[in-house]
**Q** 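Handing you a structure now.
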Amino acid sequence: MDVISLSTPIQDVPRIGLAYQKRLKKFGIKTVQDILFHFPSRYDDFSDIIPISEARQKLTQTVCIQGKIVEIENTRTFKKWMSLTEAVVEDENAKIKIIWFNQPYISKTLKEDDFVCLAGKVSLGKEGLYLNNPSYEKINEWAENNSLTHTGRIVPVYPETRGVTSRWFRFIIKPLLVRFVNIIPESLPPEIIKRYKFLPISEALWQLHFPDSFESADAAKSRFSFEELFLIQLSVLKEKAKLMQQQAPACKMDAGLMKEFTGSLPFKLTDSQKKCSFQILKDLEKSIPMSRLLEGDVGSGKTVVATMACLSVVKCGNQVAFMAPTEILAKQHFKEISELLKNFNVKIGLLTGKDSRISEAQEVLEISRQSLLGDLENHTLNILIGTHALIQKGVTFKNLALVIVDEQHRFGVDQRAQLFKGLKLTPHLLSMTATPIPRTLALTVYGDLDLSLITEMPKDRKKIKTLIVEPKDRKTAYEFIEKEAKEGKGIFVICPKIEPKKTVPIPGFSASKPGINDGQFFGSFVPQNYDLRSLAFNDVKAVKEEYEKLSKEVFPDLRITILHGKMKAKEKERIMLDFKKGEIDILVSTSVVEVG
């Protein structure tokens, strides 16, 4: 132990070695410091140590006792040939039997006359009370709570994997904490610790692993939760500072052109759209790269705002890349932006894994991939809309000034950076999302992005109603759906899964005939007269299963079709087109429809 430090690889730590190296790799644990920062996921409260004589009053409860082993031996059950380790433990006033199942090694660890602390459930068998499969540790006669590790205290329970138990983690972490806890460098500034009354890192680390109370554990969690977000924010602000040192193409806004564009729209922009557009257009005028997140609900008009940015950049002699997460959404953007800019002499391209086309002079033409990429490199193509195909080899922009990424959380930083390769100036970045992000979270996780919010819907948009229908009213809901469908209105039925998961009964439970054993298994949390069968199986709706039910049992006269992410792109597109035309009444789908 003398030669190890916080940076020592775990395989060099005594009692760990190579045997555990691969197992710990699953948790990202590579060094001593990593294992000290492998935090518990929960705690067991074994802190109330009672005399053995009081165990009868705690039947079916988990208790903690201390005493001396007076008998211990291994036996086997007659029927299942299961290994049992049976012991008798006594304190000053009483005795109790202890049973461990399939742990014969315990009889080699614990011997007669050893003093032990045990924590387990009090059960009643044919031969009387016994402690069922308890946690254990040796002690020197009557131990104080703070000297214990696995029992007699609030005990940490860690994320585990095969061959690495919480007991093993406690066994390894406690001596390492004793050695290193006071030399781990403080990561928060003193003024922040003082202002928010956080525990110092040494105390917080100890209280998180081996807390004196649940209040102490909560205080430690608060400190490390804050620290994690604080360090994330510092990291993103550092990236933003780097970005501020780079040069971007300055695209001066043409107010007259923007007025002409908004005048060509068949609707008026909302105040939110105007505000967000102005923020973006003013950012594009700067020679510092814009990095902005445009957030707004589906249907709030984000694409129109983005199109204004595209037009401003193009009319300054630059190019735009517009990335979407799916082929359906890329085609949707291509169609919408082509329509919005049809009178502004802008050449727009579409590039996906299987498709390439251009929109020019109010015409949409199929074009070879090679021709499209040639136009892009020669700068006869102004805007290129596409999927991940935009970052593939051979896609070269002549004068890229703006990158727009829809649903930006679906793309990694490295993927977006692919677009910037080989460019003398750093393009401006506009990210768009329909995912509501609380401002505090946006400032923390997206701290390198300025935030523009579209907070209102266009006036011609119908108000969305959200209703929750109870199971007893399902028939009424079906009648409503049938009425709407017969009036020519399309209906989505959204399910979380494509195929039903195999139903697996809960262990010890008979789905066909609930009985007393089931009630004992579930314990006191099951309400009286509750049908336990509903607890035994996963009730998650699946597309294929729901389609069969709706098409054959509920709405046999309606046109019902399936849509999910595993289908080929052309098939998905055909189904969506048929649905739009009114040739499908009900579309049973996964959440793939959220992006197109």
Side-chain angles (χ1 to χ4, degrees), residues 247-254 257-258 261 276-277 279-287 289-294 301-325 329-352 356-360 364 367 372-392 395-408 411 415-432 449 452:
Q247 290 287 308
C251 305
K252 189 166 178 60
M253 176 178 60
D254 183 337
L257 178 64
M258 293 300 104
F261 173 78
C276 292
S277 299
Q279 289 173 338
I280 293 164
L281 293 169
K282 294 306 287 182
D283 274 359
L284 291 172
E285 289 187 327
K286 299 171 185 174
S287 58
M290 174 181 74
S291 192
R292 187 170 285 276
L293 177 65
L294 177 63
K302 297 187 296 295
T303 304
V304 175
V305 173
T307 303
M308 291 178 72
C310 292
L311 181 59
S312 185
V313 167
V314 168
K315 291 305 178 181
C316 288
N318 299 298
Q319 292 173 299
V320 178
F322 195 127
M323 295 180 71
L329 193 56
K331 289 178 179 178
Q332 185 177 311
H333 282 310
F334 174 74
K335 183 179 178 182
E336 188 173 353
I337 293 172
S338 296
E339 179 65 25
L340 290 169
L341 296 178
K342 64 183 180 183
N343 298 319
F344 290 88
N345 192 28
V346 176
K347 189 173 180 180
I348 304 169
L350 172 69
L351 183 66
T352 65
S356 55
R357 61 182 80 163
I358 59 165
S359 171
E360 186 178 22
V364 176
I367 186 174
L372 184 144
L373 295 178
D375 289 349
L376 184 70
E377 194 168 358
N378 295 330
H379 196 177
T380 56
L381 186 65
N382 307 118
I383 302 172
L384 182 59
I385 300 169
T387 56
H388 286 78
L390 267 62
I391 59 174
Q392 290 175 357
V395 181
T396 306
F397 289 85
K398 174 88 180 232
N399 198 13
L400 182 63
L402 173 63
V403 175
I404 300 174
V405 181
D406 196 7
E407 293 302 339
Q408 79 107 29
F411 292 93
Q415 290 171 312
R416 297 200 300 270
Q418 290 288 330
L419 285 167
F420 301 174
K421 278 188 176 179
L423 298 171
K424 293 179 181 177
L425 298 176
T426 301
H428 299 281
L429 174 66
L430 175 64
S431 297
M432 302 198 302
L449 300 173
S452 289

**Q** Return the set of residues passing ring-ring contact (aromatic ring centres under 6.0 Å, His included) with Phe334 (not counting sequence neighbours), or none when no residue passes.
**A**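 Phe334: no ring-ring contact (aromatic ring centres under 6.0 Å, His included) contacts found.
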**Q** Which heavy atom of Leu281 sits nearest a heavy atom of Ala309, and at what distance?
**A**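 So the minimum-distance heavy-atom pair works out to CD2-CA, 4.1 Å.
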**Q** Over all heavy atoms of both residues, which pair between Ser312 and Cys251 is shortest? Give the atoms and the distance, please.
**A**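 Of all heavy-atom pairs spanning Ser312 and Cys251, the closest is OG-O, 4.5 Å.
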**Q** Nearest 0.5 Å, please: how far is CG in Leu372 from CG in Leu381?
**A**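 Between atom CG of Leu381 and atom CG of Leu372 there are 5.5 Å.
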**Q** Kindly write out the residues that satisfy side chain to side chain donor-acceptor pair (under 3.5 Å) with Lys282, not counting sequence neighbours, or none if the list is empty.
**A**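 Checked Lys282 against side chain to side chain donor-acceptor pair (under 3.5 Å); matches are Glu285.
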**Q** Nearest 0.5 angstrom please: Asn345 CG to Asn382 CG, how far?
**A**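 Going from CG on Asn345 over to CG on Asn382, the span is 8.0 Å.
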**Q** Taking side-chain contact (heavy atoms from CB on, under 4.5 Å) as the test, write out the residues that go with Ser291, two or more places apart.
**A**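 Ser291 satisfies side-chain contact (heavy atoms from CB on, under 4.5 Å) with Leu243, Leu429, Leu449 once adjacent residues are dropped.
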**Q** Would Lys315 and Asp254 satisfy salt bridge (charged side-chain N to carboxylate O under 4.0 Å, His left out), going step by step from the backbone distance to the final call?
**A** CA-CA 9 Å; Lys315 291 305 178 181; Asp254 183 337; over 6 Å; no
**Q** So which atom in His428 and which in Asp283 form the shortest heavy-atom distance, rounded to 0.1 Å?
**A**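 The pair with the smallest heavy-atom distance is CE1-O, 3.8 Å.
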**Q** Sort and list the pairs that fulfil salt bridge (charged side-chain N to carboxylate O under 4.0 Å, His left out) and have at least one residue in residues 372-387, not counting sequence neighbours.
**A**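 Residue pairs with at least one partner in residues 372-387: Lys347-Asp375.
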**Q** Going by heavy atoms in the side chains, are Phe344 and Val314 under 4.5 Å from each other?
**A**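 Answer no - side chains too far apart.
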**Q** Quick one: are Lys335 and Leu350 in side-chain contact, heavy atoms under 4.5 Å?
**A**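 A side-chain contact is absent here, since even the closest heavy-atom pair is not under 4.5 Å.
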**Q** What residues, two or more places apart in sequence or in another chain, satisfy side chain to side chain donor-acceptor pair (under 3.5 Å) together with Glu336?
**A**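 Result, side chain to side chain donor-acceptor pair (under 3.5 Å) vs Glu336: none returned.
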**Q** Quick check for you: to the nearest 0.5 Å, what is the distance between Asn399 atom CG and Asn318 atom CG?
**A**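 Taking CG in Asn399 and CG in Asn318, the distance rounds to 4.5 Å.
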**Q** Taking side-chain contact (heavy atoms from CB on, under 4.5 Å) as the criterion, tell me which of Thr307, Leu402, Ile337 meets it with Phe322.
**A**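 Exactly one option meets the side-chain contact (heavy atoms from CB on, under 4.5 Å) with Phe322, and it is Ile337.
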**Q** Report the distance from atom CG of Leu351 to atom CG of Leu373, rounding to the nearest 0.5 Å.
**A**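 Nearest 0.5 Å value for the CG-CG distance: 6.0 Å.
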**Q** Could you grab the distance from atom OG1 of Thr352 to atom CG of Leu390, nearest 0.5 Å is fine?
**A**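 Going from the OG1 atom of Thr352 to the CG atom of Leu390 covers 10.0 Å.
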**Q** Under a 3.5 Å cutoff, is there a donor and acceptor pairing between the side chains of Asp406 and His333?
**A**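 Result is yes, a qualifying pair exists.
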**Q** Between Ser338 and Ile348, what is the shortest heavy-atom contact and its length?
**A**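 Taking Ser338 first and Ile348 second, the nearest heavy atoms are CA-CD1, 3.7 Å.
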**Q** Taking all non-hydrogen atoms of both residues into account, name the closest pair between Leu400 and Pro249 and its distance.
**A**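 In terms of heavy atoms, the two residues are closest at O-CG, 4.3 Å.
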**Q** Contact between Val305 and Met432 at the side-chain level, heavy atoms closer than 4.5 Å - yes or no?
**A**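 They are not in side-chain contact.
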**Q** Hey, what do you get for CG (Leu430) to OG (Ser452), rounding to the nearest 0.5 Å?
**A**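 Going from the CG atom of Leu430 to the OG atom of Ser452 covers 8.0 Å.
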**Q** Check whether any side-chain heavy atom of Gln319 sits under 4.5 Å from a side-chain heavy atom of Leu384, and report yes or no.
**A**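 A side-chain contact is absent here, since even the closest heavy-atom pair is not under 4.5 Å.
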**Q** With sequence neighbours excluded, what pairs up with Glu339 under the side-chain contact (heavy atoms from CB on, under 4.5 Å) test?
**A**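 Per chain and number, Glu339 pairs via side-chain contact (heavy atoms from CB on, under 4.5 Å) with Lys342.
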